[in-house]
Amino acid sequence: MESNESSYVSSPELAPKRPSPPPPKSPTSDSLEKPTYIRFLVSNAAAGSVIGKGGSTITDFQSQSGARIQLSRNQEFFPGTTDRIIMISGLIDDVLKAVELILSKLLSEINLEEGNDVDPRTKVRLIVPNSFCGGIIGKGGATIKSFIEESQAGIKISPQDNNYYGLNDRLVTVTGTLEEQMRAIDMILSKLSEDLHYPQSVNVPFSYAAAYNGVNYGPAGGGGKFQNNKEDRSNSMTIGIADEHIGLVVGRGGRNIMDISQATGARIKISDRGDFMSGTTDRKVTITGSQRAIRAAETMIMQKVAYASEKGVMHEISLEE
């Protein structure tokens, strides 16, 4: 599969068998009417299938579901994996419809490739903020056990991975047939959405691939609900970054800084060569924006620095101010 997005070609159109809709759950009417979101992982090849030729498939899925579908950029993976991130946002029923469309598409392609030998039970890995996993587990594991019993799907929550700076998400693996997976995902998302803070957590930046600055394919319902609030932009903070690490922070042609700026809404300025923090050889990095944007940008910048320190990466580039 080519790495260029435009080279993705949609597979032959199949008419995948649609599973019976999952039985209605019992979330409150308020949670049904408020925007929410879900994230899950797909392989790079599967991402191409979801996008379709010229973005045709993802545009169609957005139109059918009313949800907004975003993907992390090519080669921007969830830490510790080689999988890209899909985020779907909108009203809960629209989000579930989009998830079903995507999983049905991927399952139809597996069937096309492997024929009757394919295992009808597949896995999907959801990304859930660590602080909300307790609600899925429940007291003494009661909630997750009930989800497993009612959906007949396997549900496993990974331990938190402390090997990646700033990673506050865990993977929830759902195993089963498409119908079982959809029942389980419905229960999980409904439970998450009962917490008023969960829909707001989409605005909490994360320091790995900038999925919220990912590839977008046209407008769709619900998307506007997840734009960062336009807060006071008069705040400013300056941090020092070792001169030898500036290249990796900035990225080739300034791409990393541009991605961080676009993902967080902060403005980032790096001092000229030789212009150091007083008494150090650290370059000045000035971050301006809302307090949330500043914190987000600082976290993403420091992850770049941590990576450089651990891996010994010294990537020099020329900067044109």
Side-chain angles (χ1 to χ4, degrees), residues 16-42 46 65 67 69 78 81 83 85-107 110 119-161 167-202 204 206 222:
K17 292 182 180 179
R18 296 275 310 221
S20 302
K25 299 295 171 294
S26 55
T28 64
S29 59
D30 283 347
S31 66
L32 286 173
E33 294 171 0
K34 291 180 179 177
T36 189
Y37 77 101
I38 195 167
R39 291 174 293 160
F40 58 96
L41 303 185
V42 292
S65 66
I69 305 172
F78 185 84
T81 76
D83 289 333
I85 303 151
I86 289 184
M87 186 180 81
I88 304 174
S89 54
L91 301 181
I92 188 167
D93 285 345
D94 296 345
V95 169
L96 291 169
K97 173 74 170 177
V99 171
E100 186 177 3
L101 287 169
I102 291 172
L103 296 184
S104 295
K105 171 74 172 176
L106 298 180
L107 183 60
I110 294 173
D119 186 343
R121 292 175 62 85
T122 59
K123 293 182 179 180
V124 59
R125 291 189 290 176
L126 311 179
I127 305 171
V128 177
N130 184 55
S131 57
F132 296 98
C133 286
I136 299 173
I137 297 169
K139 187 174 182 180
T143 302
I144 194 170
K145 287 176 184 175
S146 71
F147 286 178
I148 292 170
E149 289 174 3
E150 291 181 42
S151 69
Q152 294 298 301
I155 304 174
K156 182 178 180 181
I157 301 178
S158 69
Q160 187 169 10
D161 191 338
L167 179 59
N168 296 310
D169 292 324
R170 292 162 74 175
L171 294 177
V172 178
T173 303
V174 180
T175 306
T177 64
L178 178 58
E179 186 173 355
E180 291 165 350
Q181 287 177 329
M182 287 309 303
R183 282 200 298 262
I185 292 170
D186 188 342
M187 294 174 188
I188 290 168
L189 184 58
S190 296
K191 183 65 177 179
L192 290 171
S193 299
E194 288 176 6
D195 189 324
L196 297 178
H197 294 97
Y198 177 73
Q200 298 170 6
S201 70
V202 73
V204 177
F206 51 99

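A salt bridge links Lys191 to Glu194: at least one charged side-chain nitrogen sits closer than 4.0 Å to a carboxylate oxygen.
Applying the salt bridge (charged side-chain N to carboxylate O under 4.0 Å, His left out) definition to pairs two or more places apart or across chains, those involving residues 125-134 are Asp83-Arg125. The side-chain hydrogen bond (donor to acceptor under 3.5 Å, both in side chains) pairs that include a residue from residues 131-147 number zero, where partners must be two or more places apart or lie in different chains.
Contact check for Leu101 versus Lys97: side-chain heavy atoms found under the 4.5 Å cut-off. Residues Val99 and Leu189 form no side-chain contact, since every pair of their non-hydrogen atoms from C-beta on lies 4.5 Å or further apart. The side-chain heavy atoms of Leu171 and Leu41, taken from C-beta on, include a pair separated by under 4.5 Å. Considering only heavy atoms from C-beta on, Arg183 comes within 4.5 Å of Gln152 through its side chain.
A distance of 9.5 Å separates CZ in Phe40 from CD1 in Ile127, rounded to the nearest 0.5 Å. Taken to the nearest 0.5 Å, the CG atom of Leu96 stands 5.0 Å off from the CG atom of Asp186. The structure places OG of Ser65 at 11.0 Å from CG of Asp93, a figure rounded to the nearest 0.5 Å. With values rounded to the nearest 0.5 angstrom, Leu126 atom CG is found 5.0 Å from Ile185 atom CD1.
Distance alone, capped at 3.5 Å, is enough to place a donor-acceptor pair between the Gln181 side chain and the Val174 backbone. In this structure, the side chain of Arg170 engages the main chain of Ser158 through a donor-acceptor pair within 3.5 Å. No side-chain donor-acceptor contact under 3.5 Å links Thr36 to the backbone of Ile92.
When every heavy atom of Ala67 is checked against every heavy atom of Ile88, the shortest pair comes out as CB-CG2, 3.7 Å. Taking both residues in full, the closest heavy atoms of Ala184 and Ala153 are given as CB-CB, 4.0 Å, listed atom of the first, atom of the second, then distance. When all heavy atoms of Ala98 and Ile69 are compared, the closest pair comes out as CB-CD1, 4.2 Å. For the residue pair Tyr37 and Pro129, the shortest heavy atom distance occurs at OH-CG, 3.7 Å. Looking at every heavy atom in both residues, Leu103 comes nearest to Met182 through CD1-SD, 4.2 Å.
Residues forming a side chain to side chain contact (heavy atoms under 4.5 Å, CB included) with Ile144 (at least two apart in sequence, or on another chain): Ile148, Ile155, Ile157. In this structure Lys156 satisfies the side chain to side chain contact (heavy atoms under 4.5 Å, CB included) test with no other residue, sequence neighbours excluded. Remark: Phe147 engages no residue in a ring-ring contact (aromatic ring centres under 6.0 Å, His included) (not counting sequence neighbours). With sequence neighbours left out, Asp195 forms a side-chain hydrogen bond (donor to acceptor under 3.5 Å, both in side chains) with His197.
In this structure, Tyr198 and Phe132 have perpendicular ring planes: the angle between them is above 60°, well past the 30° mark.
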